[in-house]
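Nothing fancy with the numbering, it's 1 onward along the sequence. What you see is a predicted model; the values in this text were computed from it and never measured. Heavy atoms only: backbone and side chains are in, while hydrogens, waters and symmetry mates are out.
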Amino acid sequence: MTTTRPTASRVLAALVTGVATTAYYATPDLIRSRTARGWAKAGLAAVTLAASIPDMRAAVAARRQEFATDGLRLDGIAVPDGTGLDATEPVARAVDENRTSDDAPAPPRDLRPALVAGVAAATVAVSAVGTVAFERWVFRRGERLAAAGRPLAHTRAALVLGALSGALSLIPADTDD
């Protein structure tokens, strides 16, 4: 297993993400107004997103280059760009017709896109509900600690979450290498 060193932009993005996450979760200790806290959190989320853009652009460019180099592939067989499919025509036809052989009945074509859309919608919904539940739990926990007299009650959790998000930002997205 080989390890690669993170690029300077990835390290910078991880640092910005860690600091912004720490500030995001520490805002109740620093800003009392709920409205001002909401605006501050929106700004911190924008900073985190902006810090990730260079890494995202590099990943998109790498995928485009990979696709341009490899061309279209069907079942592991390269299909040359051009007018004809040469010897891979039966494979291409089977993939196009969504069957494994000429005798096998084709599965319903509308089921797969609907299934993918349903799974995607369920994933987004579960993620949103989970995020809101976690955010509320962290805030309420901090408020309980503040009510008990602990100074900077939200900041302790903010430091842990900031360090965790910064560390997770350094994990390479593509682990196939």
Side-chain angles (χ1 to χ4, degrees), residues 1-67 70 98 107-177:
M1 180 175 175
T2 61
T3 59
T4 58
R5 296 181 66 95
T7 62
S9 66
R10 184 176 209 108
V11 171
L12 179 62
L15 286 172
V16 169
T17 298
V19 170
T21 301
T22 300
Y24 182 94
Y25 285 104
T27 55
D29 290 338
L30 307 172
I31 303 170
R32 287 289 163 207
S33 165
R34 186 174 182 177
T35 303
R37 204 169 46 234
W39 282 108
K41 285 184 171 190
L44 289 165
V47 166
T48 302
L49 178 64
S52 68
I53 287 175
D55 214 25
M56 181 185 66
R57 283 187 175 170
V60 168
R63 292 290 180 204
R64 284 185 180 157
Q65 180 63 32
E66 180 182 315
F67 181 73
D70 290 346
N98 209 9
R109 287 178 172 250
D110 296 335
L111 180 62
R112 182 161 164 75
L115 180 64
V116 169
V119 168
T123 302
V124 168
V126 167
S127 176
V129 168
T131 299
V132 169
F134 177 75
E135 294 274 338
R136 293 181 79 162
W137 178 80
V138 168
F139 179 76
R140 287 180 178 159
R141 182 179 180 277
E143 289 298 300
R144 278 194 312 270
L145 292 173
R150 180 159 306 178
L152 300 175
H154 296 273
T155 305
R156 210 169 79 186
L159 289 169
V160 171
L161 293 171
L164 183 63
S165 67
L168 289 175
S169 296
L170 289 174
I171 296 174
D174 190 10
T175 57
D176 295 336
D177 294 342

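Atom CG of Leu159 sits about 12.5 Å away from atom CG of Leu164, to the nearest 0.5 Å. A distance of 9.5 Å separates CG in Leu49 from OG1 in Thr17, rounded to the nearest 0.5 Å.
The shortest heavy-atom contact between Ala158 and Ala26 is CB-N, 3.6 Å. Heavy atoms only, all atoms of each residue included: Gly142 and Ala153 are closest at O-CB, 3.3 Å.
With sequence neighbours excluded, the residues satisfying ring pair (Phe, Tyr, Trp, His ring centres under 6.0 Å) with Phe139 are His154. Residues satisfying the side chain to side chain contact (heavy atoms under 4.5 Å, CB included) criterion with Val19, sequence neighbours excluded, are absent altogether.
Sorted by first then second residue, the side chain to side chain donor-acceptor pair (under 3.5 Å) pairs that include residues 42-62, not counting sequence neighbours, are Arg10-Asp55. The list of side chain to side chain donor-acceptor pair (under 3.5 Å) pairs with a residue in residues 120-139, not counting sequence neighbours, reads Tyr25-Glu135. Applying the side chain to side chain donor-acceptor pair (under 3.5 Å) test to pairs two or more places apart or on separate chains, those with a residue in residues 29-46 are Asp29-Thr155.
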Going by atom type alone, with no hydrogens or angles, which donor-acceptor pairs under 3.5 Å involve a side-chain atom of residues 165-172 and a protein atom two or more places apart or on another chain?
unit_1: Ser165; atom_1: OG; unit_2: Thr21; atom_2: OG1; d: 3.1
unit_1: Ser165; atom_1: OG; unit_2: Leu161; atom_2: O; d: 3.3
unit_1: Ser165; atom_1: OG; unit_2: Gly162; atom_2: O; d: 3.1
unit_1: Ser169; atom_1: OG; unit_2: Ser165; atom_2: O; d: 2.8

